[in-house]
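Worksheet for the structure shown next.
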2 protein chains.
Amino acid sequence: MTDHIPRGDRSASCDELFKALSDATRRALLEYLVREGEQSVHALTAISGVSQPMVSRHLGKLKRASLVTARRSGRETYYTARAKGLAPVVQWMAVYGALWSQRFTALEDLGGY
Amino acid sequence: MTDHIPRGDRSASCDELFKALSDATRRALLEYLVREGEQSVHALTAISGVSQPMVSRHLGKLKRASLVTARRSGRETYYTARAKGLAPVVQWMAVYGALWSQRFTALEDLGGY
DNA sequence: CCATCCCATAATCGAACGGTTATGAAATGG
DNA sequence: CCATTTCATAACCGTTCGATTATGGGATGG
C-alpha cells in the first residue's frame with residue numbers, strides 16, 4: 001500500500017524473464033508446474049528428459065527470474081510457479097502489442113491470416 | 001477461413017520468438033521500429049549503440065522470427081515491425097497466464113503497474 | 001567512371017549456455 | 001549408526017551467441 005510503484009525486489013527484469021523463457025526445457029518445466037502444481041525436483045527430473053543437476057540449474061534460473069518459488073521440506077525441495085512473475089512480460093506485450101495493433105489498425109484478426 | 005488454427009507458415013515457433021526477444025539490443029531495435037515505424041539499417045545503427053554488421057545480424061534474427069519484414073529500396077533496406085509476429089507468444093502467455101491467474105485467483109496487482 | 005554510401009557476409013574472439021558426470025551435504029529410514 | 005534418498009554444486013566440454021573488424025557487392029551521385 002505504501003508502495004505505489006510495484007517494482008519490488010522479487011520482480012525480475014524483462015531481460016531476465018525473456019532469457020529465462022527462451023529455453024524450451026525451462027518452459028516445459030514451468031508449464032508442468034503451472035498445470036500440475038507444486039512439484040519436487042525428483043518429480044520434475046522424471047518428466048524433463050534431462051539430468052537432475054540440469055533440472056536444478058534450470059529451476060535456479062526460473063527462481064532468479066521470479067517465475068517459481070522453492071519450499072524445502074525435509075530432504076525434498078518443492079517448486080511452485082509464481083503468479084506475478086510473468087507480469088513484466090505481460091506488460092511489455094501489452095505496450096508493444098497494443099501500439100502495434102493500433103499502428104496497423106488491427107487488419108489482423110490473429111485468427112484469420 | 002479454412003484455417004481455424006492461426007498456425008501459418010510465416011508464424012515463427014514460440015522457441016524462436018522467445019529467443020529473438022531474449023536479447024536487449026534486439027528488443028530495443030524492435031521497440032524503436034514499433035514506435036517510429038519503418039527504418040533503414042543506417043538509422044537503426046545510429047541509435048543502437050552497436051556496429052552496423054551487428055544490427056544487420058540482429059535484424060536478420062528478428063526477420064527469421066517473423067517479427068520484422070524487410071523492404072529493399074535502392075541501396076537502403078527498410079525494416080518494419082510485423083504485426084502478427086508476436087501472436088504465438090501472446091497465445092502462450094494467454095494460456096499459461098490464464099491458468100496461472102486462475103490457479104492463484106490472483107492477477108491481483110497486475111493492474112497496479 | 002569513380003568515389004561514396006549502404007548493407008550483408010566472413011573471420012575471429014571471448015563469454016555465456018546447455019548438457020554431462022562426479023562429488024558433497026542434509027534429511028530419512030532400517 | 002549406516003545406507004539411502006534428495007538435492008545442489010563443482011568441474012568440465014562442446015556449442016551457441018553477441019560483438020568486433022575486415023571485406024565485398026550493389027546503388028548513387030558528382
Side-chain angles (χ1 to χ4, degrees), chain A residues 12-33 36-82 89, chain B residues 12-33 36-82 89:
Chain A
S13 70
C14 247
D15 196 74
E16 213 169 359
L17 273 171
F18 273 122
K19 277 186 168 57
L21 294 172
S22 71
D23 181 73
T25 302
R26 230 136 45 205
R27 281 199 309 278
L29 288 172
L30 195 56
E31 293 164 7
Y32 189 77
L33 285 175
E36 307 292 332
E38 193 181 58
Q39 297 288 327
S40 71
V41 175
H42 187 67
L44 291 172
T45 300
I47 60 103
S48 68
V50 296
S51 64
Q52 174 266 312
M54 206 56 218
V55 172
S56 278
R57 280 191 23 180
H58 280 313
L59 289 171
K61 284 208 169 190
L62 291 174
K63 187 179 172 190
R64 280 197 47 205
S66 301
L67 287 170
V68 301
T69 58
R71 175 177 71 87
R72 184 109 141 261
S73 171
R75 56 183 167 186
E76 300 187 346
T77 305
Y78 291 95
Y79 283 86
T80 309
R82 201 176 85 86
V89 179
Chain B
S13 71
C14 246
D15 196 74
E16 212 168 0
L17 274 173
F18 273 122
K19 278 187 167 58
L21 294 172
S22 72
D23 180 73
T25 303
R26 230 139 43 207
R27 280 198 310 278
L29 289 172
L30 194 57
E31 293 165 7
Y32 189 77
L33 285 176
E36 306 292 332
E38 192 182 57
Q39 296 288 329
S40 70
V41 175
H42 187 67
L44 291 172
T45 300
I47 59 105
S48 70
V50 296
S51 63
Q52 174 265 312
M54 206 56 220
V55 172
S56 278
R57 281 196 21 181
H58 279 314
L59 290 171
K61 282 209 171 188
L62 291 174
K63 187 179 171 190
R64 280 197 47 205
S66 303
L67 287 170
V68 301
T69 58
R71 174 179 71 87
R72 183 111 140 260
S73 171
R75 54 183 168 185
E76 300 187 346
T77 305
Y78 291 96
Y79 283 85
T80 308
R82 203 176 84 86
V89 180

Side-chain N,O (His58(B)) to OP1/OP2 (dC17(D)) below 4.0 Å: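 Answer is no, no contact under 4.0 Å.
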Contact under 4.0 Å: Arg75(B) side-chain N or O vs dA8(C) OP1/OP2: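 For Arg75(B), the contact criterion (side-chain N or O under 4.0 Å from OP1 or OP2 of dA8(C)) is not met.
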Using every non-hydrogen atom in the two residues, find where [X] and [Y] come nearest and quote the distance to one decimal.
X	Y	result
Ala70(B)	Tyr79(B)	CB-CE2, 3.6 Å
Val50(B)	Thr45(B)	O-CG2, 3.8 Å
Leu17(B)	Ala65(B)	CD2-O, 3.4 Å

side-chain contact (heavy atoms from CB on, under 4.5 Å) between Gln39(A) and Leu29(A), intermediate numbers included: CA-CA 10 Å; Gln39(A) 297 288 327; Leu29(A) 288 172; over 6 Å; no
Atom [atom1] of [X] to atom [atom2] of [N]: distance rounded to whole Å?
X	N	atom1	atom2	result
Asp23(B)	dA16(C)	CG	C1'	12 Å
Leu44(B)	dC7(C)	CG	P	9 Å
Glu16(B)	dT16(D)	CD	P	15 Å
Tyr78(B)	dC7(C)	OH	C1'	12 Å
Phe18(A)	dA16(C)	CZ	P	22 Å
Glu76(A)	dA25(C)	CD	C1'	16 Å
Lys61(B)	dA19(D)	NZ	C1'	12 Å
Arg27(B)	dG18(D)	CZ	P	12 Å

Heavy-atom protein contacts under 4.0 Å, nucleotides 8-14 of chain D, coded B base, S sugar-phosphate only, - none: BB-----
Sugar-phosphate only, base, or nothing, as touched by Thr25(A) at under 4.0 Å among non-hydrogen atoms: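 If one applies the 4.0 Å heavy-atom cut-off, Thr25(A) turns out to touch the sugar-phosphate alone, with no base involved.
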Touch class at under 4.0 angstrom, heavy-atom based, for Lys19(B) against every strand present: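 No contact at all - Lys19(B) keeps every heavy atom at 4.0 Å or more from the nucleic acid.
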Over 12 non-hydrogen atoms of neighbours within 6.0 angstrom of CZ in Arg71(B):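 Yes.
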Donor-acceptor contact below 3.5 Å, side chain Lys63(A) vs main chain Val68(A):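 No; zero donor-acceptor contacts below 3.5 Å.
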N/O donor-acceptor pair under 3.5 Å between Arg26(A) side chain and Leu21(A) backbone: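 Not a single qualifying donor-acceptor pair exists.
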Nucleotide nearest Ser40(A) (side chain, heavy atoms from C-beta), chosen from dG18(C), dC7(D), dT4(C):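 Closest nucleotide to the Ser40(A) side chain: dC7(D).
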Per Ser51(B) side chain, nearest of listed nucleotides dG29(C), dT20(D), dC17(C):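 Looking only at heavy atoms from C-beta outward on Ser51(B), the closest nucleotide is dT20(D).
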